[in-house]
Engineer: 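Quick one: the structure is below, questions incoming.
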Number of protein chains: 2
Amino acid sequence: MKGMKDLIDKESRVPIYLQIEELLKQRIYLEEFKIGENIPSERELSEQLNVSRMTVRQSITNLVNNGLLYREKGRGTYVANPKLEQPLNGLTSFTEDMRARGMEPSSKLINFEKIIPPFDIGRELQLEEDEYVFHVIRIRNADLKPMAIERTYIPVKIFPELDEKKIMGSLYALIEARSHQKIGNAIQQMEAAIVSKEDSKYLQISTSQAVLIIKRTSFLTDGVPFELVRSTYRADRYKFISEIKR
Amino acid sequence: MKGMKDLIDKESRVPIYLQIEELLKQRIYLEEFKIGENIPSERELSEQLNVSRMTVRQSITNLVNNGLLYREKGRGTYVANPKLEQPLNGLTSFTEDMRARGMEPSSKLINFEKIIPPFDIGRELQLEEDEYVFHVIRIRNADLKPMAIERTYIPVKIFPELDEKKIMGSLYALIEARSHQKIGNAIQQMEAAIVSKEDSKYLQISTSQAVLIIKRTSFLTDGVPFELVRSTYRADRYKFISEIKR
DNA sequence: TTGGTATAGTTGTCTATACCAATTATAGAG
DNA sequence: CTCTATAATTGGTATAGACAACTATACCAA
């Protein structure tokens with residue numbers, strides 16, 4: 001295993017622990033490290049790569065948190081079994097979601113207006129009584145057929161200059177730049193229902209069909225909510241996949 | 001702030017970094033540290049508590065991962081906004097879930113048998129062609145009224161001595177002891193549907209009502225699947241809540 | 001007022017070392 | 001051969017210190 005340390009560039013602007021993560025991920029993917037087998041010990045890796053053990057440990061900790069590895073005290077660190085279906089957890093946008101499912105997304109803007117939100121929406125967005133929100137309604141298509149109808153609420157104070165054009169692009173980058181905050185966590189609620197008469201037209205399904213309703217509230221890293229999306233999916237076309245991590 | 005270091009017991013069997021986590025969580029909860037304000041810097045805390053900075057860092061990193069704090073390079077570490085509704089993410093059992101919702105859970109065993117699973121179930125559990133699974137059907141009540149019908153599949157090889165009595169207790173502890181592995185992550189699929197004729201009886205709802213179907217596959221830390229649960233919830237009583245973490 | 005610079009304080013990364021706790025390998029006794 | 005005590009190996013916890021990257025402020029000069 002000579003020359004292993006050449007794999008790490010200590011002068012690089014990318015942190016060593018990230019380089020090590022990439023290295024390990026590659027070797028797992030190439031099945032150099034096989035499922036269920038243990039990878040080299042932390043001490044071994046630190047010698048081979050000529051970095052300190054604590055740095056190797058940081059890399060491994062991240063991969064353990066990502067579910068690629070698991071540790072057993074006194075035994076070693078092992079490659080975990082890959083999941084059959086990749087969870088679509090991290091995804092937030094309809095576009096990403098559909099692409100990951102191998103379908104071509106498209107959208108049609110139905111409505112864009114500035115309103116005082118319904119009470120429950122205002123409460124979830126932690127707004128004052130008389131605060132305005134943008135209300136956006138869009139039909140979301142996958143492979144040109146309706147998949148969902150999406151109603152989005154964004155506080156005006158978060159992004160006052162929002163308009164019909166900006167809404168079509170990548171909002172998140174704009175919001176991050178404007179608020180000097182990054183997009184943080186989100187909370188989702190999911191329920192089943194019978195489609196409403198109005199939505200059945202938009203979704204092009206008959207009444208008395210089932211729909212999956214997903215309500216997602218997204219937060220900036222400081223915990224301020226900046227978006228609430230209520231999506232109504234055709235149950236015959238859409239299944240939601242997520243992962244529970246321990 | 002004299003005597004701060006007495007808050008940490010270095011002789012304790014519980015790691016210092018966990019003690020610090022508790023300390024910080026308490027102070028956040030008691031609003032000694034207010035939302036949006038920065039907590040003392042890592043160096044300050046390490047001096048006050050008489051521990052090394054890296055140990056303080058480990059504690060804070062965990063709280064950041066849990067969403068209680070967020071860091072900004074060059075500025076400090078801040079208290080995040082608490083979420084309005086606590087996600088029920090970590091929960092796996094119906095019992096826990098209902099208790100967390102303030103309802104009283106109960107169950108009725110409908111069926112317990114050993115079968116060769118349907119193809120798709122066997123595939124998800126990564127079984128060979130002729131491998132048996134236990135098949136358990138239970139009605140799940142909340143406050144004495146039907147909430148869901150739950151169909152569970154457990155590979156016989158994972159837990160051969162499973163029987164109708166053991167299924168009522170805490171399976172997970174038994175499985176962990178028997179497999180020398182801990183319970184790891186899980187993958188969930190969620191979809192909406194119209195209730196089947198059979199399930200409508202169990203759930204005591206009329207036909208053509210909506211139900212939320214949750215299919216969860218659970219894995220041991222080494223990635224081996226050990227359980228598949230297919231739950232059909234009454235849409236009029238149940239809403240699923242989860243969190244997306246970044 | 002504007003722009004630059006020095007400075008102090010913050011988190012981010014990294015090293016080197018030490019000891020603890022759990023597990024496994026090994027040598028030796030019977 | 002089996003059992004047992006010991007040693008070696010592994011991940012877990014903790015320390016001390018160093019430098020980098022970034023932020024906020026104060027101050028000075030144009």
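Quick note on labels: first sequence line is chain A, next is B, and so on, each numbered from 1.
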Engineer: I need the full list of ring pair (Phe, Tyr, Trp, His ring centres under 6.0 Å) pairs touching residues 52-75 of chain B, with sequence neighbours left out, sorted by first then second residue.
Structural biologist: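 Residue pairs with at least one partner in residues 52-75 of chain B: B:Tyr70-B:Tyr78.
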Engineer: So what's the dot-bracket for DNA chain D: Watson-Crick or G-U pairs under 3.5 Å, [ ] if a pair crosses, | if it pairs off-strand?
Structural biologist: ||||||||||||||||||||||||||||||
Engineer: Return the value, rounded to whole Å, for the distance between atom CG of B:Leu45 and atom P of C:dT11.
Structural biologist: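 Taking CG of B:Leu45 and P of C:dT11, I get 9 Å after rounding.
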Engineer: Search all heavy atoms of B:Ala186 against all heavy atoms of B:Phe219 and return the closest pair with its distance.
Structural biologist: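 Where B:Ala186 meets B:Phe219 most closely, the heavy atoms are CA-CD1, 4.1 Å.
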Engineer: Salt bridge (Lys or Arg N to Asp or Glu O under 4.0 Å) between B:Lys157 and B:Glu131: does it pass, once the steps are laid out?
Structural biologist: CA-CA 8 Å; B:Lys157 69 174 171 192; B:Glu131 266 190 77; 3.4 Å; yes
Engineer: Identify the two heavy atoms, one from A:Leu127 and one from A:Pro117, that lie closest to each other, and give their separation to 0.1 Å.
Structural biologist: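 In terms of heavy atoms, the two residues are closest at CD1-CG, 4.1 Å.
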Engineer: I need the CZ-P distance between A:Arg57 and C:dT13, as an integer number of Å.
Structural biologist: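 Atom-to-atom, A:Arg57 to C:dT13, this comes out as 17 Å.
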Engineer: When all nucleic acid strands are considered with a 4.0 Å heavy-atom cut-off, which category describes A:Ile60: base, sugar-phosphate, or nothing?
Structural biologist: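 Nothing: the residue A:Ile60, judged by heavy atoms under 4.0 Å, touches no strand.
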Engineer: Roughly how many Å is it from CD1 in B:Ile20 to P in D:dT15, rounded to a whole number?
Structural biologist: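 Whole-Å distance recorded here is 8 Å.
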Engineer: Judged by each residue's nearest nucleotide on DNA chain C, which is more toward the 5′ side, A:Met54 or A:Tyr17?
Structural biologist: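 It is A:Tyr17, whose closest nucleotide lies nearer the 5' terminus.
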Engineer: Between C1' on C:dT10 and CD1 on B:Ile39, what's the gap in Å once rounded to a whole number?
Structural biologist: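 Rounding to the nearest Å, CD1 of B:Ile39 and C1' of C:dT10 are 12 Å apart.
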Engineer: Take B:Glu47 and B:Arg53 through the test salt bridge (Lys or Arg N to Asp or Glu O under 4.0 Å) and record every step on the way to the result.
Structural biologist: CA-CA 8 Å; B:Glu47 275 186 26; B:Arg53 184 187 153 213; over 6 Å; no
Engineer: Rounding to a whole Å, what distance do you find between B:Glu44:CD and C:dT10:C1'?
Structural biologist: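 Result: 11 Å.
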Engineer: Could you go through nucleotides 19-25 of chain C and list every protein N or O atom that sits under 3.5 Å from one of its N or O atoms, giving the distance for each pair?
Structural biologist:
residue : atom : partner : partner atom : Å
C:dT24  : OP1  : A:Arg75 : NH1          : 2.2

Engineer: If I take atom CG in residue A:Leu69 and atom P in nucleotide D:dT10, what distance separates them, rounded to the nearest angstrom?
Structural biologist: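 Rounded to the whole Å, the gap is 16 Å.
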Engineer: Report the distance from atom OH of A:Tyr70 to atom C1' of D:dG12, rounded to the nearest whole Å.
Structural biologist: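 The distance from OH of A:Tyr70 to C1' of D:dG12 comes to 18 Å, rounded to the nearest Å.
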Engineer: It should be established whether B:Thr77 places a side-chain nitrogen or oxygen under 4.0 Å from OP1 or OP2 of nucleotide C:dT11.
Structural biologist: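 It does, given that an N or O in the side chain of B:Thr77 lies less than 4.0 Å from OP1 or OP2 of C:dT11.
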Engineer: If you check the A:Ile16 side chain, which of C:dT11, D:dT13, C:dT15 turns out closest?
Structural biologist: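 Of the options given, the side chain of A:Ile16 lies nearest C:dT15.
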Engineer: Taking for each residue the nucleotide of DNA chain C bearing the nearest heavy atom, is the 5' side occupied by A:Lys10 or by B:Ser41?
Structural biologist: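 In this pair, the answer is B:Ser41.
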Engineer: Using ring centroids (six-membered ring only for Trp), state whether A:Phe134 and A:Phe112 fall under 6.0 Å.
Structural biologist: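 Close enough - the centres of the two rings lie under 6.0 Å apart.
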Engineer: Could you go through A:Leu63 and A:Lys25, starting from their C-alpha distance and side-chain angles, then the distance that decides it, and tell me whether this counts as side-chain contact (heavy atoms from CB on, under 4.5 Å)?
Structural biologist: CA-CA 8 Å; A:Leu63 295 181; A:Lys25 273 196 273 189; 3.8 Å; yes
Engineer: Could you tell me the separation between the CG atom of A:Asn38 and the C1' atom of D:dG11, rounded to a whole number of Å?
Structural biologist: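 After rounding, the reported distance stands at 12 Å.
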Engineer: Quick check on side chain to side chain donor-acceptor pair (under 3.5 Å): which of B:Arg138, B:Glu150, B:Arg140 does B:Ser107 satisfy it with?
Structural biologist: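 Of the listed options, the one satisfying the test is B:Arg140.
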Engineer: Give a yes/no on whether any side-chain N or O of B:Thr55 is located under 4.0 angstrom from OP1 or OP2 of D:dT15.
Structural biologist: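 Checking B:Thr55 against D:dT15: at least one side-chain N or O falls below 4.0 Å of OP1 or OP2.
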Engineer: So that I can tick it off, tell me whether A:Lys166 and A:Asp163 are bridged by a salt bridge, with the cut-off set at under 4.0 angstrom between side-chain N and carboxylate O.
Structural biologist: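 Counted as a salt bridge, because a side-chain N and a carboxylate O are separated by less than 4.0 Å.
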